[in-house]
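Notes follow the structure.
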There are 2 protein chains.
Amino acid sequence: MEGLTPRQEEVLDFVLEALERRGYPPSVREICDALGLSSTRGALRHLEALERKGFISRASGARAIQVRDTLRGAAAYLPLVGEVPAGPLRHASEEVEEWLPVPARWGGEGRFLLRVRGESMVGDGIRDGDLVVVDPGPEARDGEVVVALVDGEATVKRLRRRKGAVELEASNPDYPTLRVEKGEAEVRLAGRVVSLLRDRV
Amino acid sequence: MEGLTPRQEEVLDFVLEALERRGYPPSVREICDALGLSSTRGALRHLEALERKGFISRASGARAIQVRDTLRGAAAYLPLVGEVPAGPLRHASEEVEEWLPVPARWGGEGRFLLRVRGESMVGDGIRDGDLVVVDPGPEARDGEVVVALVDGEATVKRLRRRKGAVELEASNPDYPTLRVEKGEAEVRLAGRVVSLLRDRV
DNA sequence: TTTAATAGTAAACATCTGTTTACCATAATC
DNA sequence: GATTATGGTAAACAGATGTTTACTATTAAA
């Protein structure tokens, strides 16, 4: 990838800053205003250079600037919930505390974020206060880390399949493993834990 | 917050989908096209309702739709690097593998992402392959988890201050603690580890 | 029954916005 | 010295875009 001149870099920084500040790209004239240019042709030359060098692309239409993914990685927005939802959440859903940006590759149908409570899984590097990304569904393979609902309460555990039962295994010796006989109604699987965010190390 | 009617929710979903797909909001006419409206007044009524109900705000200018943060949380974009950078990274910097979206509150001047190599910190819930957010700077307090450069190699360890020296302590008994006498030139502090992302649990 | 809210239509208009044409200056490269 | 690239100016123009005015229909609430 070709390098940028200082002026081109200024334009790129402005575009990224506008996106971050207000959520939509600047117009050609706004770029002029920001860089002290009196002619839109000047700003357009810079945009053309940025596009030629692969930093942005431009569609037709007003403010149709798209920044290359390696410069501003695509995000998915996952809902942080207090309780395991019954199905995919609507954007306007009031169960959601906030929709948090995560790398786009963490996205998927119906995925949500849940805050871990307790230290039962510290042996697997999952700590109190962590946010886990949950891929919802009633199935998981032996050995996977899951969110299960036990008497309506969500718990994060490793699933172990045993003859005639499954076990929800803690990875902290201070916590018990829960054995679940087949068909027990008050235990169900909410989904698999696929990724994790830790706000504070 | 007032609820949305089904049609209003359709408009909101379209706005969010356009932002996610291409990085900039739709125009009023694009909303018309998407919802099968033949009059821009109709789309405008929906946008006015979404604004009145607090889901979006509208500035002047084309495509000037801003989505409320609880619906689409603000993101910061942090550079993922292979090696500890010498200073804040420019957007066009070639040392950066990608700029990843993280929650905006994780952002800060010069912060970067580094991939953890090794199992030396598993006792603290930091595992091989994790991405840590590093707040750069030469100082850290006793007990904080830091990124240090030892003979030019980055290592994540807990910093302990002892009389006349500091120690870089592993939290895995299989790994040694490194004792650093004052003034040793080949060890320096790159920054403090503040947050963490784990792609795959 | 009346009123209000929602949801839409059509048309016109003002403003925003991108692009083009034509030109000039400076610096770097050949 | 000539050419190219970069960086800019001015002006004009075409199209995109948001907003307004005026109106209608349906549904829900008072």
Side-chain angles (χ1 to χ4, degrees), chain A residues 1-19 21-68 90-92, chain B residues 1-19 21-68 90-92:
Chain A
M1 179 96 51
E2 286 178 84
L4 294 178
T5 69
R7 235 0 203 173
Q8 286 165 6
E9 193 154 358
E10 253 187 282
V11 171
L12 181 61
D13 287 350
F14 178 69
V15 171
L16 290 163
E17 180 270 322
L19 278 165
R21 169 168 42 88
R22 69 185 183 180
Y24 56 91
S27 65
V28 174
R29 282 175 177 81
E30 284 170 343
I31 294 170
C32 285
D33 292 344
L35 272 78
L37 294 169
S38 58
S39 163
T40 50
R41 190 74 195 90
L44 208 54
R45 284 201 184 285
H46 294 307
L47 290 177
E48 284 165 357
L50 288 170
E51 184 167 27
R52 187 171 63 249
K53 292 178 175 181
F55 288 88
I56 65 168
S57 61
R58 300 184 67 225
S60 70
R63 304 172 186 276
I65 298 175
Q66 288 162 297
V67 177
R68 192 166 57 104
R90 287 156 36 245
H91 285 119
Chain B
M1 180 96 49
E2 287 178 83
L4 293 178
T5 70
R7 233 3 200 175
Q8 286 162 7
E9 193 154 356
E10 253 188 280
V11 172
L12 181 60
D13 287 349
F14 178 69
V15 171
L16 290 162
E17 180 269 323
L19 278 164
R21 170 169 40 88
R22 68 185 184 180
Y24 56 92
S27 65
V28 174
R29 280 175 179 80
E30 283 170 342
I31 293 169
C32 286
D33 292 344
L35 272 79
L37 295 169
S38 58
S39 165
T40 50
R41 191 72 196 90
L44 208 55
R45 283 200 183 286
H46 294 307
L47 290 176
E48 284 164 356
L50 288 171
E51 184 167 26
R52 188 171 63 251
K53 292 178 176 181
F55 288 87
I56 64 168
S57 60
R58 299 185 67 226
S60 69
R63 305 172 186 278
I65 297 173
Q66 288 162 296
V67 177
R68 190 167 56 104
R90 287 157 33 246
H91 286 119

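This is a predicted model, so every value here is computed, not measured. Within every chain, numbering begins at 1; the chains are lettered A, B, ... in the order of the sequence lines, protein sequences first and strands thereafter. Values below: every heavy atom of this structure, side chains too, minus hydrogens, waters and symmetry copies.
- Side-chain atoms of V67(A) and H91(B), non-hydrogen and from C-beta on, never get closer than 4.5 Å to each other.
- As rounded to whole Å, 9 Å separates atom C1' of dT6(D) from atom CZ of R52(A).
- S57(A) pairs by the side chain to side chain contact (heavy atoms under 4.5 Å, CB included) definition with E51(A), Q66(A), not counting sequence neighbours.
- For R90(B), the salt bridge (Lys or Arg N to Asp or Glu O under 4.0 Å) criterion is met by E9(A), not counting sequence neighbours.
- To the nearest 0.5 Å, the span separating CD1 on I65(B) from CG on L47(B) amounts to 5.0 Å.
- Here the P atom of nucleotide dT17(C) and the CD1 atom of I31(A) are 11 Å apart, to the nearest Å.
- For A43(B), the side chain to side chain contact (heavy atoms under 4.5 Å, CB included) partners at least two apart in sequence or on another chain are V28(B), I31(B), C32(B), L37(B).
- Here the P atom of nucleotide dT20(D) and the CZ atom of R58(B) are 10 Å apart, to the nearest Å.
- Remark: side-chain polar atoms of R68(A) are not paired, donor with acceptor, to backbone N or O of I56(A) under 3.5 angstrom.
- Residues forming a side chain to side chain donor-acceptor pair (under 3.5 Å) with R7(A) (at least two apart in sequence, or on another chain): E10(A).
- Taking a 4.0 Å limit (strictly below) on heavy-atom distances, residues 9-16 of chain B does not reach DNA chain C anywhere.
- A pairwise comparison of heavy atoms in A62(A) and A62(B) identifies CB-CB, 3.8 Å as the closest pair.
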Practice item. Verify side-chain contact (heavy atoms from CB on, under 4.5 Å) between K53(B) and L4(B), making sure each step is shown before the conclusion. Key: CA-CA 8 Å; K53(B) 292 178 176 181; L4(B) 293 178; 3.7 Å; yes
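- One interatomic measurement links the two molecules: CG of D33(A) to P of dT17(C), which rounds to 10 Å at whole-angstrom precision.
- Where the helix from dT1(C)-dA30(D) to dC30(C)-dG1(D) starts and where it ends, the local axes point in directions that differ by 30°; five pairs per end, rounded to 10°.
- For R41(A), the side chain to side chain donor-acceptor pair (under 3.5 Å) test picks out no residue, with sequence neighbours left out.
- If you measure from atom CD1 of I65(A) to atom C1' of dT19(C), you get 14 Å, rounded to the nearest angstrom.
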Please tabulate the protein-to-nucleotide N/O contacts below 3.5 Å involving nucleotides 28-30 of chain C, giving atom names and distances.
none

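- Every residue meeting the side chain to side chain donor-acceptor pair (under 3.5 Å) condition with R63(A), not counting sequence neighbours, appears here in chain and number order: E30(A).
- Separating the CD atom of E48(A) from the P atom of dA5(D) is a distance of 14 Å, rounded to the nearest angstrom.
- For the salt bridge (Lys or Arg N to Asp or Glu O under 4.0 Å) test, residues two or more places apart in sequence or in another chain that qualify with R21(A) are E17(A).
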Could you pull out the protein-nucleic contacts involving nucleotides 7-17 of chain D (nitrogen or oxygen on both sides, under 3.5 Å)?
unit_1  : atom_1 : unit_2 : atom_2 : d
dG7(D)  : OP1    : T5(A)  : OG1    : 2.6
dG7(D)  : OP2    : T5(A)  : OG1    : 3.3
dG7(D)  : OP2    : Q8(A)  : NE2    : 3.0
dG8(D)  : OP1    : R7(A)  : NE     : 2.8
dG8(D)  : OP1    : R7(A)  : NH2    : 3.0
dG8(D)  : OP2    : R7(A)  : NE     : 3.4
dG8(D)  : OP2    : H46(A) : NE2    : 2.3
dG8(D)  : N7     : R45(A) : NE     : 3.4
dG8(D)  : O6     : R45(A) : NE     : 3.4
dG8(D)  : O6     : R45(A) : NH2    : 3.2
dT9(D)  : OP1    : S38(A) : N      : 3.4
dT9(D)  : OP1    : S38(A) : OG     : 3.0
dT9(D)  : OP2    : S38(A) : N      : 3.2
dT9(D)  : OP2    : S39(A) : N      : 3.4
dT9(D)  : O5'    : S38(A) : OG     : 3.3
dA10(D) : OP2    : S38(A) : OG     : 2.7
dA10(D) : N7     : S39(A) : OG     : 3.1
dT17(D) : OP1    : A62(A) : N      : 3.1
dT17(D) : OP1    : R63(B) : NH2    : 2.4

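- Applying the side chain to side chain donor-acceptor pair (under 3.5 Å) test to D33(B) and every residue at least two apart in sequence or in another chain returns nothing.
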